[in-house]
Amino acid sequence: MPRTYSQQFIAGLDEANPNRAGIALAHACVAGNLPAKYVAFALEVTRMTVYSWFRGGHIRHKNLLKVEAITDLIESDTAKGILPAKNTAQAKAYLEDIASVVWSTGE
(Lines give C-alpha, C1' and ligand atoms only; values in the text may rest on other atoms or scores of the structure.)
Protein backbone atom coordinates (compact mmCIF):
# COMPACT_ATOMS: atom_id res chain seq x y z
CA MET A 1 0.00 0.00 0.00
CA PRO A 2 1.43 3.42 -0.88
CA ARG A 3 2.23 5.63 2.06
CA THR A 4 -0.95 7.42 2.93
CA TYR A 5 -1.37 11.12 3.53
CA SER A 6 -1.81 12.17 7.16
CA GLN A 7 -5.23 12.97 8.56
CA GLN A 8 -3.95 16.45 9.41
CA PHE A 9 -2.96 17.00 5.75
CA ILE A 10 -6.34 15.75 4.51
CA ALA A 11 -8.18 17.97 7.01
CA GLY A 12 -6.17 20.94 5.75
CA LEU A 13 -7.18 20.12 2.18
CA ASP A 14 -10.84 20.18 3.15
CA GLU A 15 -10.40 23.76 4.36
CA ALA A 16 -8.28 24.92 1.39
CA ASN A 17 -9.49 26.66 -1.76
CA PRO A 18 -10.36 23.84 -4.20
CA ASN A 19 -10.09 26.25 -7.15
CA ARG A 20 -6.28 26.40 -6.82
CA ALA A 21 -4.56 23.96 -9.19
CA GLY A 22 -2.24 22.56 -6.53
CA ILE A 23 -5.09 21.91 -4.12
CA ALA A 24 -7.06 20.16 -6.88
CA LEU A 25 -3.97 18.04 -7.61
CA ALA A 26 -3.68 17.15 -3.93
CA HIS A 27 -7.33 16.08 -3.77
CA ALA A 28 -6.85 13.93 -6.89
CA CYS A 29 -3.68 12.33 -5.48
CA VAL A 30 -5.34 11.54 -2.16
CA ALA A 31 -8.33 10.00 -3.94
CA GLY A 32 -6.04 8.08 -6.31
CA ASN A 33 -3.71 6.96 -3.50
CA LEU A 34 -0.73 8.37 -5.38
CA PRO A 35 2.35 9.37 -3.32
CA ALA A 36 3.83 12.83 -3.83
CA LYS A 37 7.22 11.26 -4.53
CA TYR A 38 5.99 9.67 -7.77
CA VAL A 39 3.81 12.65 -8.67
CA ALA A 40 6.95 14.79 -8.50
CA PHE A 41 8.74 12.38 -10.84
CA ALA A 42 5.84 12.47 -13.31
CA LEU A 43 5.77 16.28 -13.25
CA GLU A 44 9.57 16.58 -13.45
CA VAL A 45 9.82 18.63 -10.25
CA THR A 46 10.98 17.98 -6.69
CA ARG A 47 8.84 16.42 -3.99
CA MET A 48 9.15 19.66 -2.00
CA THR A 49 7.67 21.56 -4.94
CA VAL A 50 4.71 19.19 -5.09
CA TYR A 51 4.07 19.60 -1.36
CA SER A 52 4.24 23.38 -1.78
CA TRP A 53 1.60 23.16 -4.51
CA PHE A 54 -0.50 20.85 -2.34
CA ARG A 55 -0.61 23.67 0.21
CA GLY A 56 -1.61 26.29 -2.36
CA GLY A 57 1.84 27.53 -3.38
CA HIS A 58 2.48 29.33 -6.65
CA ILE A 59 2.78 27.19 -9.78
CA ARG A 60 4.77 28.55 -12.70
CA HIS A 61 2.91 28.67 -16.00
CA LYS A 62 5.14 26.02 -17.61
CA ASN A 63 4.20 23.62 -14.81
CA LEU A 64 0.58 24.72 -14.50
CA LEU A 65 -0.35 23.08 -17.79
CA LYS A 66 1.18 19.79 -16.63
CA VAL A 67 -0.52 20.02 -13.24
CA GLU A 68 -3.91 20.60 -14.83
CA ALA A 69 -3.38 17.76 -17.32
CA ILE A 70 -2.29 15.22 -14.71
CA THR A 71 -5.09 16.28 -12.34
CA ASP A 72 -7.67 15.69 -15.08
CA LEU A 73 -6.19 12.27 -15.87
CA ILE A 74 -6.10 11.19 -12.24
CA GLU A 75 -9.68 12.35 -11.64
CA SER A 76 -10.85 10.60 -14.80
CA ASP A 77 -9.08 7.35 -13.95
CA THR A 78 -10.42 7.47 -10.40
CA ALA A 79 -13.95 7.83 -11.78
CA LYS A 80 -13.33 4.90 -14.16
CA GLY A 81 -12.13 2.70 -11.30
CA ILE A 82 -8.53 2.47 -12.51
CA LEU A 83 -7.46 4.27 -9.34
CA PRO A 84 -6.95 4.27 -6.35
CA ALA A 85 -3.64 2.49 -6.57
CA LYS A 86 -3.61 -0.67 -4.48
CA ASN A 87 0.13 -0.65 -3.78
CA THR A 88 3.27 1.40 -4.28
CA ALA A 89 4.32 -0.50 -7.40
CA GLN A 90 0.97 0.18 -9.06
CA ALA A 91 1.11 3.89 -8.13
CA LYS A 92 4.65 4.20 -9.47
CA ALA A 93 3.83 2.36 -12.70
CA TYR A 94 0.71 4.49 -13.24
CA LEU A 95 2.60 7.76 -12.85
CA GLU A 96 5.58 6.59 -14.92
CA ASP A 97 3.15 5.67 -17.69
CA ILE A 98 1.58 9.13 -17.54
CA ALA A 99 5.01 10.76 -17.65
CA SER A 100 6.16 8.72 -20.64
CA VAL A 101 2.96 8.97 -22.67
CA VAL A 102 1.55 12.42 -21.93
CA TRP A 103 4.70 14.48 -21.89
CA SER A 104 6.18 12.75 -24.96
CA THR A 105 3.05 13.53 -26.98
CA GLY A 106 2.98 17.13 -25.78
CA GLU A 107 -0.54 17.07 -24.32
Asker: At their closest point, which heavy atom of Tyr5 faces which heavy atom of Ala36, and how far apart are they?
Answerer: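 So the two residues come closest at OH-N, 3.1 Å.
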
Asker: What's the separation between atom CZ in Phe41 and atom CZ in Arg47, rounded to the nearest 0.5 Å?
Answerer: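 The distance works out to 15.0 Å.
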
Asker: Could you pull out the closest heavy-atom pair between Ser100 and Asp97, with the gap in Å?
Answerer: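 Of all heavy-atom pairs spanning Ser100 and Asp97, the closest is OG-O, 3.1 Å.
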
Asker: Nearest 0.5 Å, what's the CD1-OG distance between Ile59 and Ser52?
Answerer: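 Result: 8.5 Å between the selected atoms.
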
Asker: Using a 3.5 Å distance criterion without hydrogens, assess whether the side chain of Tyr38 forms a donor-acceptor pair with backbone atoms of Ala93.
Answerer: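 A pair under 3.5 Å: no.
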
Asker: Could you tell me if the side chain of Asn63 sits less than 4.5 Å from the side chain of Leu43, heavy atoms only?
Answerer: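 No, their side chains stay 4.5 Å or more apart.
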
Asker: Determine the interplanar angle of the Phe54 and Phe9 rings, folded into 0 to 90°, and report it as parallel if under 30°, tilted if 30 to 60°, perpendicular if over 60°.
Answerer: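 Judged by the thresholds at 30° and 60°, the geometry between Phe54 and Phe9 is tilted.
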
Asker: When rounded to the nearest 0.5 angstrom, what distance separates CG in Asn33 from CG in Leu83?
Answerer: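 If we round to the nearest 0.5 Å, Asn33:CG and Leu83:CG are 9.0 Å apart.
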
Asker: Closest approach of Ala26 and Leu13, non-hydrogen atoms and distance?
Answerer: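 In this case the closest contact between Ala26 and Leu13 is CB-CD2, 3.5 Å.
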
Asker: Could you pull out the closest heavy-atom pair between Pro18 and Ala24, with the gap in Å?
Answerer: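 Heavy-atom minimum between the residues: O-CB, 4.1 Å.
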
Asker: Please say yes or no: joined through hydrophobic side-chain contacts below 4.5 Å, possibly via intermediate residues, are Leu34 and Met48 part of one cluster?
Answerer: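 In one cluster: no.
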
Asker: Just verifying a value: how many Å separate Gln7 CD and Ile10 CD1, rounded to the nearest 0.5 Å?
Answerer: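 Between Gln7 CD and Ile10 CD1, I get 4.5 Å after rounding to 0.5 Å.
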
Asker: Quick one: list whatever passes side chain to side chain contact (heavy atoms under 4.5 Å, CB included) with Thr49, sequence neighbours left out.
Answerer: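 Applying side chain to side chain contact (heavy atoms under 4.5 Å, CB included) to Thr49 gives Val45, Thr46, Trp53.
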
Asker: Between CZ of Arg20 and CG of Leu25, what distance do you get to the nearest 0.5 Å?
Answerer: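 CG of Leu25 is found 13.0 Å from CZ of Arg20.
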
Asker: Do Leu65 and His61 have side chains that approach each other closer than 4.5 Å (heavy atoms only, starting at C-beta)?
Answerer: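 The answer is yes; the side chains approach within 4.5 Å.
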
Asker: Ring pair (Phe, Tyr, Trp, His ring centres under 6.0 Å): which pairs involve residues 10-36, sequence neighbours left out?
Answerer: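 Sorted result for residues 10-36: empty, none.
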
Asker: Please name all residues satisfying side chain to side chain contact (heavy atoms under 4.5 Å, CB included) with Asn19, sequence neighbours left out, ordered by chain then number.
Answerer: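 Expected list: Asn17.
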
Asker: I need the single residue from Ile70, Asp77, Asp72 that forms a side-chain contact (heavy atoms from CB on, under 4.5 Å) with Ile74. Which is it?
Answerer: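 Passing option: Ile70.
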
Asker: Which pair of non-hydrogen atoms, one from Leu64 and one from Ala21, has the smallest distance, and what is that distance?
Answerer: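 Smallest interatomic distance, heavy atoms only, reads CD1-CB, 3.5 Å.
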
Asker: Roughly how far, to the nearest 0.5 Å, is the NZ atom of Lys80 from the CG atom of Leu73?
Answerer: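 That separation rounds to 8.5 Å.
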
Asker: Please lay out, stage by stage, how Lys66 and Glu44 fare under the test side-chain contact (heavy atoms from CB on, under 4.5 Å).
Answerer: CA-CA 10 Å; Lys66 288 183 178 183; Glu44 301 173 327; 2.5 Å; yes

Asker: Check Ala31 against Pro84 and note the closest heavy-atom contact, atom names and distance.
Answerer: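 Here Ala31 and Pro84 meet closest at O-CB, 3.4 Å.
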
